[in-house]
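Both ligands and their constituent atoms are indexed starting at 1 by order of listing.
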Amino acid sequence: MTLPVIAIDGTAASGKGTIAKALARHFHFDHLDTGALYRAVAALVLRDGGDPSSRHDALDACKLFRPGIVPDTELRSAAVGEAASQVAVLPEVRSALREMQVHFALVPPGGKGAVLDGRDIGTVIAPHAPVKIFVTAGVEERARRRWREVHAADPAKTYEAILGELRIRDARDSERAAAPMKAAADAALLDTTDLSIDAAVAAALKLARGKLEA
Ligand code: CDP
């Protein structure tokens, strides 16, 4: 029996992670944050003093990678996010991380269904997913959200710096040759610029219900 898969792709700070978690909770599906895999590889490169754009350093890190090997606090740093988008350009890194994502989508641990969020879930990892949602928001609004998230821990980080970083990351993610960030042809687009998180979750839930209960 094929289990249902919900593919959530989109830009940084669009709300895709929160939406993915909420949908997983609602449907009692398992959730995989695929960005965390790229972040873990990047963190291992940085720990070793390596260069995240080096194929050699990134592949060494892929060999060390195990789920849970990098603590969450380290994964979530801005430096690791930036390095993740550099390792994610490399096709060899993408293929090293591919199988575990495909396996999670096909055989989720809870046996009911899977929600995966990332950049290429609807296009590459789970192209047959019955539910595909591409989440985005205007870059200024996303920069405001990131600034609010990091301000307390890093008061020196300005809104302008975050805006610049997001623009670079968007361009790198969407212009790379290997599995670029893009909406699948059959994905529903969800623009969260003017939506509260509750409203964004409600909209995603409506889209998912419409497809899963059709
Ligand atoms: O939360 P945020 O969007 O800042 O980052 P993330 O989702 O944790 O992803 C970090 C980086 O990993 C992204 O900028 C992408 O370059 C890369 N990534 C990817 O290429 N493919 C995925 N399926 C997930 C993440």
CZ of Phe65 to CG of Leu97: how many Å apart, nearest 0.5 Å?
6.5 Å
For atom 19 (C) of ligand 1, tell me which residue out of Met181, Gln101, Arg94, Arg142 has the closest non-hydrogen atom.
Arg94
Side-chain heavy atoms of Lys157 within contact of Ile162, under 4.5 Å
yes
Are any of the N/O atoms on Arg119, whether in the backbone or the side chain, positioned under 3.5 angstrom from an N/O atom of ligand 1?
yes
Does a donor on one side chain sit under 3.5 Å from an acceptor on the other, for Ser85 and Arg172?
yes
A student checking ligand 1 against Thr34 at a 4.0 Å heavy-atom cut-off should list atoms 22 (C), 23 (N), 24 (C)
With a 4.5 Å limit on heavy-atom distance, are the side chains of Arg76 and Val80 in contact?
no
Starting from atom 17 (C) of ligand 1, which protein heavy atom do you reach first, and at what distance in Å?
Ala88 CB, 3.6 Å
Could you tell me the residue and atom name of the protein heavy atom closest to atom 5 (O) of ligand 1, and the distance to it rounded to 0.1 Å?
Arg39 NH2, 3.2 Å
Going by side-chain hydrogen bond (donor to acceptor under 3.5 Å, both in side chains), Thr136 matches just one of Thr192, Asp9, Thr11, Asp170. Which one?
Thr11
Residue and atom name of the nearest protein heavy atom (relative to atom 12 (O) of ligand 1), distance in Å to one decimal
Tyr38 CB, 3.7 Å
Side-chain donor-acceptor pair present, Asp51, Ser53, cut-off under 3.5 Å
yes
With distance as the sole criterion, is a donor-acceptor pair present between the side chains of Arg94 and Tyr38 under 3.5 Å?
yes
Which segment of Glu82 sits under 4.0 Å of ligand 1 when only heavy atoms are counted
neither
For ligand 1, which atoms sit closer than 4.0 Å to a heavy atom of Gly118?
22 (C), 23 (N), 24 (C)
If I apply the N/O under 3.5 Å rule, does Thr11 come out as touching ligand 1?
no
Close side-chain approach of Ile8 to Leu116, heavy-atom, < 4.5 Å:
no
Does some non-hydrogen atom of Lys16 fall short of 4.0 Å from ligand 1?
yes
Would you check the N or O atoms of Asp117, main chain and side chain alike, for any that come under 3.5 Å of an N or O of ligand 1?
no
Subset of ligand 1 atoms that lie under 4.0 Å from at least one heavy atom of Ala84
10 (C), 11 (C), 12 (O)
Could you find the nearest protein heavy atom to atom 16 (O) of ligand 1 and give me its residue, atom name and distance?
Asp173 OD1, 2.6 Å
In Lys182, Met181, Arg119, Arg169, the residue satisfying side chain to side chain contact (heavy atoms under 4.5 Å, CB included) with Ser174 is Met181
Identify the protein heavy atom lying closest to atom 10 (C) of ligand 1, giving its residue, its atom name and the separation to 0.1 Å.
Arg169 NH1, 3.6 Å
Taking only residues two or more places apart in sequence, or in another chain, which ones meet Arg209 in a salt bridge (charged side-chain N to carboxylate O under 4.0 Å, His left out)?
none
Applying a strict 4.0 Å limit to heavy atoms, is Arg146 in contact with ligand 1?
yes
Tell me the protein heavy atom at minimum distance from atom 25 (C) of ligand 1, and give that distance in Å.
Gly35 CA, 3.5 Å
